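The block underneath contains the structure these notes are about, expressed in structure tokens.
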Amino acid sequence: MTSTLLAVPNFSEGRERASIDAIGAAFDRPPLDVHFDPDHHRTVFTLAGAPGELAGVVLAGARRALELIDVTSHDGAHPRVGAIDVAPIVYLDDADRGAATAEALVLADMLGDQLELPVFLYGDLAGGRTRAALRRGGLTALAERIRTGEQRPDFGPRELHATAGAVLVTARPPLVAFNVELAPPATLDDARAVAALIREGGAEGLPSVRAIGIWLGHRGIAQVSTNVEDPRRTALADVVDAVRRHRPVARAELVGLAPRAAFDHFPENVPVDNRRLIEDALTRVGDTD
């Protein structure tokens, strides 16, 4: 049976629908999922393919993105260092970890060689180096760290692309991008305080949870934006419970797709926008083959 890998490239564009559609059209297959947000100013595509297929697919979308996105003028709430900010290859079964690693390294080499983008590996491919460490201080700080030799791209040129910045690449199991909206009149300071408490390393830290507080200006809502990097260790219900200890929760939002098990014991009284599962998406693709 052929293994299936996922690619989840994140692009620093969440407002211009024509640009989002143009990037999507550059892939040679329909995405399993597309999620974009104007406040985060970010679009997340989820693509599926067999080993050996996805590097070229992501490259085509990245090439189109370079024509459309200038990250130097980006003003979204989500941290980023590139027009194609992150491009992970995801394995759904531990047996496919090697295939995902090979795919990620091929993608990194293609992005560096063919698009002349500096590529930084992160996660397991870089000894545990995090996205946050690479994004610290934004583009200006990353450029200075490259100049001084503190950080060196793993692929591609030794300087940032003039309009597209850098790209972060890894191979990983599924993580869950999960946002929790606080009920009014919660403020940005409230969201930041809750995020600091519940993120791994915080006073009430949840294992494998990264969290930041964000203000959604288009809607006037404070949000605790999280990445649950290992939903086997921390379920989404645990994230909601942790937030609720400090502030009332209005609703939640899934960004991209999540494994079904991540929603085990999830509270029925918390609505979840874009609640879409990896298993269901792959079944739909199989039904159309």
Side-chain angles (χ1 to χ4, degrees), residues 7-15 19-20 23 26-27 36 40-45 47 54-90 100-101 103-172 175 177 210 212 225 227 229 255-256:
V8 192
N10 289 221
F11 296 88
S12 295
E13 172 56 71
R15 297 171 186 166
S19 295
I20 295 167
I23 294 168
F27 303 124
F36 60 92
H40 288 253
H41 203 358
R42 193 173 186 86
T43 297
V44 179
F45 290 91
L47 305 146
L54 287 174
V57 172
V58 174
L59 180 73
R63 179 176 282 112
R64 188 72 177 101
L66 259 62
E67 301 169 357
L68 299 168
I69 300 172
D70 182 349
V71 77
T72 63
S73 60
H74 193 278
D75 63 352
H78 199 290
R80 71 279 165 188
V81 290
I84 311 98
D85 185 53
V86 295
I89 302 294
V90 176
T101 296
E103 195 80 27
L105 293 174
V106 169
L107 172 60
D109 183 60
M110 285 178 156
L111 291 169
D113 181 55
Q114 298 189 35
L115 300 188
E116 298 185 344
L117 292 169
V119 181
F120 291 88
L121 301 177
Y122 71 94
D124 288 348
L125 299 191
R129 181 170 62 186
T130 66
R131 298 180 302 279
L134 290 164
R135 291 174 178 151
R136 186 181 70 249
L139 282 168
T140 301
L142 179 58
E144 177 62 14
R145 292 195 296 272
I146 294 172
R147 187 190 68 79
T148 62
E150 178 183 346
Q151 288 179 328
R152 181 183 178 90
D154 298 288
F155 295 86
R158 299 300 185 253
E159 60 184 6
L160 297 181
H161 187 282
T163 58
V167 188
L168 314 183
V169 173
T170 197
R172 59 165 175 78
L175 66 70
R210 310 288 176 256
I212 59 174
S225 178
N227 277 339
E229 299 198 335
V255 178

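Just so we're clear, the structure is a prediction, and the values are computed from it rather than from any experiment. We're numbering straight along the sequence, starting at 1.
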- Under a 4.5 Å cut-off applied to non-hydrogen side-chain atoms, are F155 and V167 in contact? no
- Message: Less than 4.5 Å apart, side chain to side chain, heavy atoms only: is that true for L125 and L105?
- Response: yes
- Task: Give the C-alpha distance, both sets of side-chain angles, the deciding distance and a yes or no for side chain to side chain contact (heavy atoms under 4.5 Å, CB included) between V169 and V86.
- Result: CA-CA 6 Å; V169 173; V86 295; over 6 Å; no
- Message: List the residues meeting salt bridge (Lys or Arg N to Asp or Glu O under 4.0 Å) with E67, not counting sequence neighbours, and say none if there are none.
- Response: R64
- Query: Which heavy atom in L115 sits nearest to a heavy atom in A62, and how many Å separate them?
  - Reply: CD1-CB, 3.7 Å
- Could you tell me which residues satisfy salt bridge (Lys or Arg N to Asp or Glu O under 4.0 Å) with R210, sequence neighbours excluded, listed by chain and number? E200, E229
- Task: For residues V58 and A7, report the shortest heavy-atom separation together with the two atoms involved.
- Result: CG2-CB, 3.6 Å
- Results of side-chain hydrogen bond (donor to acceptor under 3.5 Å, both in side chains) for S225 - residues two or more places apart only: N179
- Item | Euclidean distance, Y122 OH relative to R129 CZ, rounded to 0.5 Å | 11.5 Å
- Query: How close do A65 and I84 get, heavy atom to heavy atom, and via which atoms?
  - Reply: CB-CG1, 4.1 Å
- N/O donor-acceptor pair under 3.5 Å between E103 side chain and A55 backbone: yes
- Write down the atom of G112, the atom of P157, and the distance for their closest heavy-atom approach. O-CD, 3.9 Å
Tabulate below the donor-acceptor pairs under 3.5 Å that side-chain atoms of residues 138-148 make, not counting sequence neighbours, or state none.
unit_1	atom_1	unit_2	atom_2	d
E144	OE1	R147	NE	3.0
E144	OE2	R147	NE	3.4
E144	OE2	R147	NH2	2.6
R145	NE	Q151	OE1	2.8
R145	NH1	R136	O	2.9
R145	NH2	A133	O	3.4
R145	NH2	L134	O	2.9
R145	NH2	R136	O	3.3
T148	OG1	E144	O	3.2
T148	OG1	R145	O	3.3

- Set of residues satisfying side chain to side chain contact (heavy atoms under 4.5 Å, CB included) with respect to A164, sequence neighbours excluded: L66, A83, L117, H161
- Check for a donor-acceptor pair, side chain of T43 on one end and backbone N or O of F11 on the other, with a separation under 3.5 Å. no
- Task: Sequence neighbours left out, what passes salt bridge (Lys or Arg N to Asp or Glu O under 4.0 Å) with D124? Give chain and number order.
- Result: R97
- Could you pull out all residues at least two apart from Q114 that satisfy side chain to side chain contact (heavy atoms under 4.5 Å, CB included)? L59, R63, M110
- Message: Test your reading of the model: is there a side-chain donor-acceptor pair from D154 to the backbone of L121, 3.5 Å cut-off?
- Response: yes
- Residues at least two apart in sequence or cross-chain that pass side chain to side chain contact (heavy atoms under 4.5 Å, CB included) with S19, listed by chain then number, are E13, E16, L68
- Item | With sequence neighbours excluded, residues passing salt bridge (Lys or Arg N to Asp or Glu O under 4.0 Å) with R42 | D85
- Query: Can you pull the ring pair (Phe, Tyr, Trp, His ring centres under 6.0 Å) pairs that have at least one residue in residues 56-78, sequence neighbours excluded?
  - Reply: H40-H78, H41-H74
- Item | side chain to side chain contact (heavy atoms under 4.5 Å, CB included) evaluation trace for L168 with V81 | CA-CA 8 Å; L168 314 183; V81 290; 4.1 Å; yes
- Could you tell me which residues satisfy side chain to side chain contact (heavy atoms under 4.5 Å, CB included) with R152, sequence neighbours excluded, listed by chain and number? R158
- Task: Run the numbers on D75 and R15 for side chain to side chain contact (heavy atoms under 4.5 Å, CB included), then give the verdict.
- Result: CA-CA 11 Å; D75 63 352; R15 297 171 186 166; 2.6 Å; yes
- Looking only at heavy atoms, what is the nearest atom pair of G82 and S12, with distance? O-OG, 2.7 Å
- ring pair (Phe, Tyr, Trp, His ring centres under 6.0 Å) partners of F120, counting only residues at least two apart: none
- Closest heavy-atom pair, A26 versus A60, reported as atoms and distance to 0.1 Å, is O-CB, 3.4 Å
- I23 vs P9 side-chain heavy atoms within contact, under 4.5 Å: no
- Quick one: does I69's side chain get under 4.5 Å of T163's, heavy atoms only? no
- Any T170 side-chain heavy atom under 4.5 Å of P88 side chain: yes
- 4.5 Å side-chain heavy-atom contact, F45 and I20: yes
